[in-house]
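Have a look at the structure below, then the notes.
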2 protein chains.
Amino acid sequence: MPQTGRSGCPINLTLEQLGDRWSLIVIRDIMFGNRRSYGELLAQSEEGIASNILADRLKRLTACGLLTRRPDPEHRQKRIYSLTEAAIQLVPLLAHMAAWGRRHARPSKELSVRAELLEKGGPALWNAFMDELRHLHLGAPRPARSVFGELQAAYEKALARRAR
Amino acid sequence: MPQTGRSGCPINLTLEQLGDRWSLIVIRDIMFGNRRSYGELLAQSEEGIASNILADRLKRLTACGLLTRRPDPEHRQKRIYSLTEAAIQLVPLLAHMAAWGRRHARPSKELSVRAELLEKGGPALWNAFMDELRHLHLGAPRPARSVFGELQAAYEKALARRAR
DNA sequence: TGTAACCACTTGCGCAATGCAAGTGCTCGC
DNA sequence: GCGAGCACTTGCATTGCGCAAGTGGTTACA
């Protein structure tokens, strides 16, 4: 996503920052998968992102203010990536993308369970999730409800169902 | 957007269809600008899309069921592109993209007026707009309210304000 | 009836982005 | 001290993007 500056249209500007095949995948994995380091993002990537592409996207997303990077106090060579408030506000967008894909593409059953919950929960759920992300990434107080836990539990249940 | 089939995740599938810098721009212009032919899309493109890229995107979007193409009864060499129901259901997604871009990028004032209206109107406005698109593109009955007209009027008012 | 403009693309070519595989240099555990 | 882990980087081939020019049919007008 080079800064091309094609026009001042808000949709275009969003596409200039996020309109490629990997940026939102990386944000999705940090957001819904809680992958916080380069290694986790690389090894557990559902889509098999290449290492150089991942490095490039982490750099770009950090540069344009969607991610922050800090050293891990436990492992001196590890870096922890966190979402910024701007990235957290992509939750409704990703929820809509998931809903659209669920309806108009052919998603796998297990992977669309979370999309279904997100769609059914609507804005109330998204806001609760965003509060939780602010806790996990920005140091805000822990909210009462853990949407992340709910999504994860539903996903694992679907996985178990398939394994049987 | 080649069909890469990286994973069955709905977000990934949506990105595989629409995750590039031009596909959603084309849909935006058809949807909000009512550009219905190749020539209109090319000449009035705010971002200056290249002719071969436009041809390619129209072909792809038609192939994957987001657009339909039919001859213009008035001009034998003209083709009219229409949105399908799947594309019309991208309205909330584009509205969120516009809202995010308006908040987190630096949009031009005139071009963000429509985004502001879309955001303030919320799902009720989006649904009214989708009904109108079904009239314009799918032959459904004309709804009472013309969101398209409202958006256009606000945009032109903003343009006039700038011209002064 | 000729001709100029219009229309929907296509082609050629240089450059940038993508993707794979391998490599680098530091750090941690033992 | 040494192998495994970590966060990237590098080289190279393939693919996609973007500009400019071209193509072949159609319409409008003199």
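All chains are named by letter (A, B, ...) in the order of the sequence lines, taking the proteins before the strands, and each is independently numbered beginning at 1.
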**OP:** Hey, can you tell me if B:His96 and A:His96 have their rings parallel, tilted or perpendicular (30° and 60° cut-offs)?
**Re:** tilted
Subject >> From OG1 (A:Thr62) to CZ (A:Arg79), nearest 0.5 Å >> reply: 11.0 Å
**OP:** Starting at atom CD of B:Glu47, determine the distance to atom P of D:dC19, rounded to an integer number of angstrom.
**Re:** 13 Å
**OP:** Write down the distance between NZ (A:Lys59) and P (C:dT18), rounded to a whole number of angstrom.
**Re:** 14 Å
Original post:
Under 3.5 Å, is there an N or O donor on one side and an acceptor on the other linking the side chain of B:Asp20 and the base of D:dG16?
Top reply: no
Original post:
Quick one: B:Leu67 CG to C:dA8 P, roughly how many Å, whole number?
Top reply: 15 Å
Subject >> Smallest separation among heavy atoms of A:Leu41 and A:Arg35, with atom names >> reply: CD2-CB, 3.6 Å
Original post:
Among residues 68-83 of chain B, which contact DNA chain C at a heavy-atom distance under 4.0 Å?
Top reply: B:Arg69, B:Gln77, B:Lys78, B:Arg79, B:Tyr81
Original post:
Got more than 12 heavy atoms from elsewhere within 6.0 Å of CZ, A:Arg145?
Top reply: yes
Original post:
If you check the B:Asn52 side chain, which of D:dA20, D:dC17, C:dG19 turns out closest?
Top reply: D:dA20
**OP:** Let me know the distance between CD1 of A:Ile53 and P of C:dA17, rounded to the nearest Å.
**Re:** 11 Å
**OP:** List, by chain and then residue number, the residues other than A:Tyr155 in its hydrophobic cluster (Ile/Leu/Val/Met/Phe/Trp/Tyr, side-chain heavy atoms under 4.5 Å); write none if there are no others.
**Re:** A:Leu111, A:Leu159
Subject >> Donor-acceptor under 3.5 Å (B:Arg36 side chain, B:Ile80 main chain) >> reply: no
Subject >> Distance (rounded to the nearest 0.5 Å) between B:Ser45 OG and B:Leu54 CG >> reply: 8.0 Å
Subject >> Under 3.5 Å donor-acceptor, B:Glu132 side chain and B:Phe148 backbone >> reply: yes
**OP:** Would you please confirm or rule out a distance under 4.0 Å between OP1 or OP2 of D:dG16 and any side-chain N or O of B:Trp22?
**Re:** no
Original post:
Expressed in angstrom and rounded to an integer, what is the separation of B:Leu54 atom CG from C:dC7 atom C1'?
Top reply: 13 Å
Subject >> Nearest-angstrom distance from the residue atom CD1 of A:Ile25 to P of C:dG19 >> reply: 11 Å
Original post:
In whole Å, what is the span from the CD1 atom of B:Ile49 to the C1' atom of D:dC19?
Top reply: 13 Å
Original post:
Would you say A:Arg57 reaches C:dT18's phosphate, i.e. side-chain N/O to OP1/OP2 under 4.0 Å?
Top reply: yes
Original post:
What is the distance from CG of A:Leu58 to C1' of D:dA7, rounded to the nearest Å?
Top reply: 10 Å
**OP:** Identify which one of B:Leu83, B:Leu136, B:Asp131 satisfies the side chain to side chain contact (heavy atoms under 4.5 Å, CB included) criterion when paired with B:Ile88.
**Re:** B:Leu83
**OP:** Mind running a 4.0 Å heavy-atom check of residues 35-46 of chain B against DNA chain C and sending the residues that fall below it, in number order?
**Re:** B:Ser37, B:Tyr38, B:Gly39
